[in-house]
Every structure is written in C-alpha cells, then in structure tokens.
Amino acid sequence: MSTLRIIAGSANPELAGTVANYLGAEPTNTLLERFPDGELLPTVENVSGSDVYIVQPTPPPVNDHLAELLLLLDACQRARAARITAVVPYLGYARQDRRTRAGQAVGVAVFTRAIAAAGAHRLVVVDPHTPTLEAISPIPVETLTAVPTLAQEIALSERVVVAPDEGAVKLAERYAAISPNPLAMVRKRRESGTEVTALELIGELRGRLPVIVDDMITTGATIETALGLLKLHEAAPDVTVAATHGVFVHGALGRLHRLGLRHVLITDTIAHRSLHPEFQVCSIAPVLAEAIAAMHNDKPLHAPASTAWNLA
Ligand code: R5P
C-alpha cells in the first residue's frame with residue numbers, strides 16, 4: 001500500500017496537523033514562497049508514489065487560498081504522487097452554483113474543474129453550501145458533515161431547530177435526525193452581500209427555545225435577521241446558533257456579539273485566533289481523519305444521515 005501523506009496548505013495548518021496526529025501520519029514538508037508581486041510557489045517533498053491528502057480550506061482571502069491549493073495539487077502531480085485528494089473542508093464559491101442573472105459566471109463549476117485539472121483525483125468537503133456539488137464536479141466528491149459534532153454540544157431535545165433560510169432546511173433535517181423535535185424555517189430574501197430581509201417564519205416558536213442552524217456565517221446578516229423574527233414571534237430569548245463554517249467577514253464577530261447570543265457553535269474548518277466567550281469551536285479533525293483513513297484503506301465512507309421533517 002502506498003504511504004499516506006498529509007500536506008498542510010497555509011489556510012489552516014493547525015487543522016491539518018491535528019488530522020495528521022489522529023492518523024499517526026508523518027508531517028510532509030512543504031515550502032511556500034511568496035514573491036513581492038503576490039505570486040506563490042509551493043515545493044512539496046517525498047510525495048512520489050504516495051497517497052496524498054492536501055488539507056486546504058478556502059476562507060478569505062479565498063482567491064489566494066484557491067490559487068495555493070491549485071499549485072499544491074500541480075506540485076504533487078508533477079512529483080508523481082500515486083493518488084491526490086483535495087481536502088477542502090470549507091469550499092469557497094459554493095454559493096455560486098447557478099446563474100441568478102444573465103451574464104454571470106458559475107464560480108463553483110469553474111473551481112471544481114480547476115481542482116480536477118490541477119491534479120486532484122477526489123475532493124473532500126464538509127457541509128458544502130450547494131447540494132449539487134457532486135453533479136457539478138468532474139471528480140468524485142466525498143461530502144462529510146459536522147452536524148453530529150456540533151449537535152452533541154447542544155441539548156437538542158429541548159430546542160426547536162430553525163433553518164434561517166430555505167437553503168438550510170436539509171441541514172436542519174440532519175439535526176432533526178438526531179433529535180425528534182419539530183423544525184421551523186425562516187423565509188428570507190437577500191438584498192446584497194451584507195443585507196437580508198426576513199419574509200416570514202414557518203413554524204410555532206412562542207415560548208420555545210430555538211437553535212438556529214446554518215452551513216456558514218459570513219457577515220452575520222442571516223442570523224441577525226432570523227433572530228429578529230424569532231423575537232417577533234416571542235421565542236424564548238436564549239437562542240443557540242450552530243454553523244459549520246465561521247467565515248466571519250465585514251465585522252461579523254462584533255455583530256454577533258452585540259446580538260447577545262449565549263452560545264454560538266462553529267467548527268475549525270476555518271481557523272480563528274480570538275473569539276468572544278460565547279463562541280465554542282468544535283474540531284472537525286476526527287471526522288476528517290476517519291474519512292481519510294477509510295479512503296486510504298479503500299473502505300466506504302459513512303453516508304451522512306438525513307430524514308423527513310415535521311414543521312413546528
Ligand atoms: C446562504 O444561503 C448561507 O447558507 C448562509 O445563510 C449565508 O451565506 C450566511 O451569510 P451571512 O452571514 O452574510 O448572512
């Protein structure tokens with residue numbers, strides 16, 4: 001069997017290191033040169049004939065992290081790695097999975113093609129925004145989920161699971177597969193990259209404890225808007241938020257802090273240096289390590305759970 005190698009991109013070396021530790025894999029040295037004009041040049045060592053997993057999420061600056069991922073893939077391919085897997089726990093551009101206006105690009109199609117062209121045989125993601133990723137990508141996609149990891153930190157049986165938009169309903173179903181509690185959903189309209197309008201709340205929240213679940217928090221607009229609607233519908237004020245990816249741009253951390261939330265759960269798909277005390281980071285490393293071990297041994301991966309949902 002070929003040697004297992006974990007390569008850490010610069011986006012989240014801590015996560016890559018933790019995954020390597022779980023697997024008992026020797027860290028593989030890479031050198032990343034940055035030139036004054038912004039160009040990157042990675043060098044990888046000892047990957048010839050190996051089963052290589054490049055761990056590189058693509059949070060902001062998304063284009064830099066994507067370029068680095070593509071260069072690392074190319075470097076491994078040219079160094080004759082036997083098999084190359086792009087482990088991209090947070091995949092940027094996943095919200096661009098269709099044209100909403102004539103003349104637009106479909107970012108996720110462009111970048112999955114680029115990942116394949118640069119040398120990846122397979123792509124691993126965690127709770128990607130688009131459910132159509134597998135169909136869009138020219139290479140097989142292994143979709144992992146952070147839901148059981150986050151759910152075990154929430155007293156789910158006491159809470160109504162709230163999807164803050166229609167796109168989050170499938171994710172909410174996964175939480176509901178763990179708890180038999182009913183669900184609720186917010187209908188929202190996105191006005192711009194930083195603003196959303198809540199249209200209606202579907203479900204009964206009066207006096208009940210909510211947990212808002214989403215794949216990602218970017219500016220915090222979706223959470224703030226959902227929270228406003230929950231207040232209007234007299235939900236209990238102790239609201240928990242659980243999101244797989246804490247992208248946190250445009251002052252999102254301060255915005256969420258000012259909302260007075262008691263508990264905001266995220267994972268470490270994206271690294272953060274300092275967070276307010278109400279934030280709890282749950283590591284996705286065991287989930288990634290289990291999946292990599294299965295792939296390395298050519299074993300099947302566990303399929304993420306899903307279920308039908310009944311409305312609150
Ligand atoms: C969009 O549909 C996603 O699932 C999230 O709800 C959204 O990206 C969050 O962005 P923001 O925090 O800027 O509202």
Side-chain angles (χ1 to χ4, degrees), residues 4-20 23 28 30 32 40 42 44 47 51-77 81 83-97 106-146 149 215-216 218 243-247 266-272 283-292 294-296 301 304:
L4 168 67
R5 299 220 177 263
I6 305 291
I7 289 187
S10 69
N12 197 341
E14 300 83 1
L15 177 63
T18 313
V19 169
L23 293 163
T28 300
T30 59
L32 183 65
L40 302 171
V44 297
V47 297
D51 184 21
V52 174
Y53 297 80
I54 300 172
V55 180
Q56 173 78 338
T58 57
V62 56
N63 298 326
D64 278 13
H65 288 138
L66 269 169
E68 183 187 336
L69 171 65
L70 298 176
L71 293 165
L72 280 167
L73 288 164
D74 185 68
C76 290
Q77 188 182 41
R83 188 166 66 171
I84 310 169
T85 301
V87 182
V88 191
Y90 167 68
L91 179 69
Y93 283 95
R95 288 182 292 182
Q96 293 187 26
D97 61 349
V106 178
V108 75
V110 172
F111 289 110
T112 49
R113 280 203 304 269
I115 288 168
H121 299 113
R122 188 159 42 181
L123 173 63
V124 176
V125 293
V126 180
D127 292 333
H129 180 73
T130 174
T132 54
L133 187 61
E134 178 102 53
I136 293 170
S137 170
I139 51 173
V141 178
E142 303 295 353
T143 302
L144 310 179
T145 182
T149 306
D215 59 323
M216 62 201 282
T218 311
T244 303
H245 313 290
V247 183
I266 53 167
T267 74
D268 57 356
T269 57
I270 298 171
H272 291 288
S283 185
I284 198 68
V287 173
L288 294 176
E290 188 187 346
I292 291 172
M295 287 184 280
H296 180 60
L301 273 69

Using side-chain heavy atoms (C-beta onward) and a distance below 4.5 Å, is [X] in contact with [Y]?
X      : Y      : answer
His296 : Tyr53  : yes
Asp97  : Leu133 : no
Leu4   : Ile292 : yes
Val126 : Leu288 : yes
Ile266 : His272 : yes

Requested in this report: Say whether Asp215 and Thr244, considering side chains only, have a donor N or O and an acceptor N or O under 3.5 Å apart.
Outcome: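 There is no such pair (donor and acceptor under 3.5 Å, judged by atom type) between the side chains of Asp215 and Thr244.
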From [atom1] ([X]) to [atom2] ([Y]), nearest 0.5 Å:
X     : Y      : atom1 : atom2 : result
Asn12 : Ile270 : CG    : CD1   : 8.5 Å
Leu69 : Asp74  : CG    : CG    : 11.0 Å
Leu23 : Ile6   : CG    : CD1   : 5.0 Å
Leu70 : His65  : CG    : NE2   : 13.0 Å
Thr30 : Ile7   : OG1   : CD1   : 6.5 Å
Leu72 : Ile54  : CG    : CD1   : 5.0 Å

Taking only residues two or more places apart in sequence, or in another chain, which ones meet [X] in a side chain to side chain contact (heavy atoms under 4.5 Å, CB included)?
X      : value
Ala75  : Val44
Asn63  : Tyr93
Ala294 : Lys299, Leu301

Which pair of non-hydrogen atoms, one from [X] and one from [Y], has the smallest distance, and what is that distance?
X      : Y      : result
Ile84  : Gln77  : CD1-N, 3.5 Å
Gly92  : Val62  : CA-CG2, 4.2 Å
Ala86  : Ala120 : CB-CB, 4.1 Å
Thr143 : Pro128 : CG2-CD, 3.5 Å
Val108 : Ala94  : CG2-CA, 3.9 Å
Thr149 : Ser283 : CG2-O, 3.6 Å

Could you list the residues that satisfy salt bridge (Lys or Arg N to Asp or Glu O under 4.0 Å) with [X], not counting sequence neighbours?
X      : result
Asp268 : none
Arg113 : none
Glu290 : none

Requested in this report: Write out all pairs satisfying salt bridge (charged side-chain N to carboxylate O under 4.0 Å, His left out) with one or both partners inside residues 6-20, taking only residues at least two apart or from two chains.
Outcome: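 Applying salt bridge (charged side-chain N to carboxylate O under 4.0 Å, His left out) to every pair that reaches into residues 6-20, excluding sequence neighbours, yields Glu14-Arg273.
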Query raised in the report: With sequence neighbours left out, which residue pairs that include part of residues 83-95 fulfil the salt bridge (charged side-chain N to carboxylate O under 4.0 Å, His left out) condition?
Result: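 Pairs touching residues 83-95 that pass the test: Asp51-Arg83, Arg83-Asp298.
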According to side-chain hydrogen bond (donor to acceptor under 3.5 Å, both in side chains), who are the partners of [X], at least two apart in sequence or on a separate chain?
X      : result
Glu68  : Ser10, Gln56
Asp64  : none
His121 : none

**Report entry** Contacts of type ring-ring contact (aromatic ring centres under 6.0 Å, His included), residue His245, not counting sequence neighbours
**Finding:**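 By the ring-ring contact (aromatic ring centres under 6.0 Å, His included) rule, His245 matches Tyr90.
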Looking at [Y], is its backbone amide N or carbonyl O close enough to the side chain of [X] to form a donor-acceptor pair, meaning the two atoms are under 3.5 Å apart?
X      : Y      : result
Thr112 : Ala109 : yes
Thr269 : Pro89  : no
Thr85  : Val87  : no

